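Comments concern the structure below.
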2 protein chains.
Amino acid sequence: MDSPDSLGPPAGVDQSELIDAMVRTSFVITAVLSKIAAEHELSLTQLRVLAILRDRQGAMSDLATHLGLDKSTISGLVDRAEKRGLLQRTPNPSDGRGVDVALTEEGIELAELGGAEVAQALLPMTSTLTLPEARRVTILLERMLGAR
Amino acid sequence: MDSPDSLGPPAGVDQSELIDAMVRTSFVITAVLSKIAAEHELSLTQLRVLAILRDRQGAMSDLATHLGLDKSTISGLVDRAEKRGLLQRTPNPSDGRGVDVALTEEGIELAELGGAEVAQALLPMTSTLTLPEARRVTILLERMLGAR
DNA sequence: TATTGTTATACTCTATAACTATA
DNA sequence: TATAGTTATAGAGTATAACAATA
């Protein structure tokens with residue numbers, strides 16, 4: 001792709017610049033999410049739990065799968081969130097071993113508030129794109145997400 | 001921007017889809033980086049320390065700034081990495097309070113290995129883009145990064 | 001007085017291992 | 001036997017507060 005006498009940057013530079021931009025973006029996003037979580041005395045992981053349960057109630061094991069964490073970690077996470085009144089455990093009616101987790105009203109409210117604050121906090125970044133640009137980036141990110 | 005009788009999605013959907021894609025991408029990237037770090041018995045933060053010091057040696061306080069962490073956290077981080085032989089503290093010659101941190105040979109090698117492994121691990125995602133698409137995404141991400 | 005860094009402390013996150021109960 | 005969860009334990013990451021040394 002690069003001819004030997006290319007005046008431009010050497011082969012592979014585009015890839016590494018893309019990776020660099022993606023990694024740096026991910027750190028910025030993580031920092032924004034962590035800050036918003038901390039303002040509500042939540043960890044980033046706790047905020048993720050709220051976001052996951054907002055979309056779909058599920059078993060402890062589902063949370064472990066979605067978050068990529070060990071079941072023992074989920075127990076602790078759910079313990080603390082339950083103690084705060086953000087979610088509730090209920091035994092699974094059809095499997096005596098299973099425990100389902102669902103947000104309480106307070107948890108739903110906090111999840112929605114958090115989501116709105118995230119959108120607000122990212123606005124300075126996302127609003128630098130025109131609408132077609134935003135759509136384009138979304139499509140290309142989705143394509144990459146689908147390929148892993 | 002959306003006319004009242006628009007047949008398409010309501011206003012704001014593009015923004016929220018962009019945010020959703022960016023947040024999910026950031027979780028995927030974080031997971032990839034954490035996994036690679038763990039394979040070398042490093043935390044994600046430790047890997048970031050190596051990456052930062054690979055580009056620029058600096059004071060403890062610089063690390064705190066770059067990572068957005070408290071100085072006391074940096075002390076612990078640097079303690080553990082130094083114990084592993086990945087970096088070295090040296091007193092700052094011109095400021096008796098300051099401590100500079102630099103990678104050892106072993107640290108440099110691990111930083112370079114890690115960087116290569118990250119590129120490799122993200123290849124399935126990044127290679128779904130054509131070269132012009134990759135350049136486009138990079139430019140738009142950089143624009144967003146510059147705006148925060 | 002302000003800044004740089006360390007230490008003590010406390011809490012969360014995380015995984016591993018051992019356990020209970022159910023399938 | 002295998003699976004779902006919990007608990008005990010241990011180590012890392014993190015911030016706050018108190019401190020020492022230097023500016």
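Computed over heavy atoms, backbone and side chain alike; hydrogens, waters and symmetry mates excluded. Chain identifiers are assigned alphabetically (A, B, ...) following the order of the sequence lines, protein sequences preceding nucleic acid strands; residue numbering begins at 1 within each chain. In this text the structure is predicted, and so the values were computed from the model without any measurement.
For A/Arg89 and D/dT6, the shortest distance from a side-chain N or O to OP1 or OP2 is below 4.0 Å.
Of all heavy-atom pairs spanning A/Thr138 and B/Leu18, the tightest one is OG1-CA, 3.3 Å.
Using a 4.0 Å heavy-atom criterion, one finds that B/Leu77 contacts the sugar-phosphate atoms exclusively. Across all strands, A/Ser75 comes closer than 4.0 Å to base atoms (heavy-atom distances).
Under 4.0 Å is where a charged nitrogen must lie from a carboxylate oxygen, and between A/Glu106 and A/Arg84 no such pair does. Using a 4.0 Å cut-off between charged nitrogen and carboxylate oxygen, A/Arg89 and A/Asp79 count as a salt-bridge pair.
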Show the distances under 3.5 angstrom between N or O atoms of the protein and N or O atoms of nucleotides 16-18 of chain D.
| unit_1 | atom_1 | unit_2 | atom_2 | d |
| --- | --- | --- | --- | --- |
| D/dT16 | O4 | B/Ser72 | OG | 2.8 |

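Rounded to an integer number of Å, the gap from A/Glu82 CD to D/dG5 P is 13 Å. One interatomic measurement links the two molecules: NZ of A/Lys83 to P of D/dT6, which rounds to 12 Å at whole-angstrom precision. Rounded to whole Å, atom C1' of D/dA23 lies 12 Å from atom CG of B/Asn92. Atom-to-atom, NZ of A/Lys35 to C1' of D/dA15 comes out at 16 Å; the value is rounded to the nearest Å. Rounded to whole Å, atom C1' of D/dA12 lies 12 Å from atom CG of B/Asp79. For the pair A/Met60 CE and D/dA4 P, the computed distance is 12 Å after rounding to whole Å.
Residue order along DNA chain C, read from the 5' end via each residue's closest nucleotide, puts A/Gly68 first among A/Ser94 and A/Gly68. Looking at which nucleotide of DNA chain C each of B/Gly76 and B/Asp95 is closest to, the 5′-most match is held by B/Asp95.
Taking hydrophobic clusters as Ile, Leu, Val, Met, Phe, Trp and Tyr residues chained together by side-chain heavy-atom distances below 4.5 Å, B/Leu69 does not share a cluster with A/Val23.
Applying the side chain to side chain donor-acceptor pair (under 3.5 Å) test to A/Arg143 and every residue at least two apart in sequence or in another chain returns B/Glu133. For A/Lys35, the salt bridge (charged side-chain N to carboxylate O under 4.0 Å, His left out) partners at least two apart in sequence or on another chain are A/Glu39. In terms of the side chain to side chain donor-acceptor pair (under 3.5 Å) criterion, B/Asp100 has no residue partners (sequence neighbours excluded).
The side chain of A/Val99 has D/dG5 as its nearest neighbour among D/dG5, D/dT7, D/dT3.
Bracketed by its first and final contacts, the part of DNA chain C lying under 4.0 Å from non-hydrogen atoms of chain A reaches from C/dT12 to C/dA23 in 5' to 3' order.
No more than 12 heavy atoms of other residues, nucleotides or ligands sit less than 6.0 Å from atom CD of B/Gln88.
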Please report, to 0.1 Å, the donor-acceptor pairs under 3.5 Å made by any side chain of residues 49-62 of chain B, with sequence neighbours excluded.
| unit_1 | atom_1 | unit_2 | atom_2 | d |
| --- | --- | --- | --- | --- |
| B/Arg56 | NE | B/His66 | NE2 | 3.2 |
| B/Asp62 | OD2 | B/Ala59 | N | 3.0 |

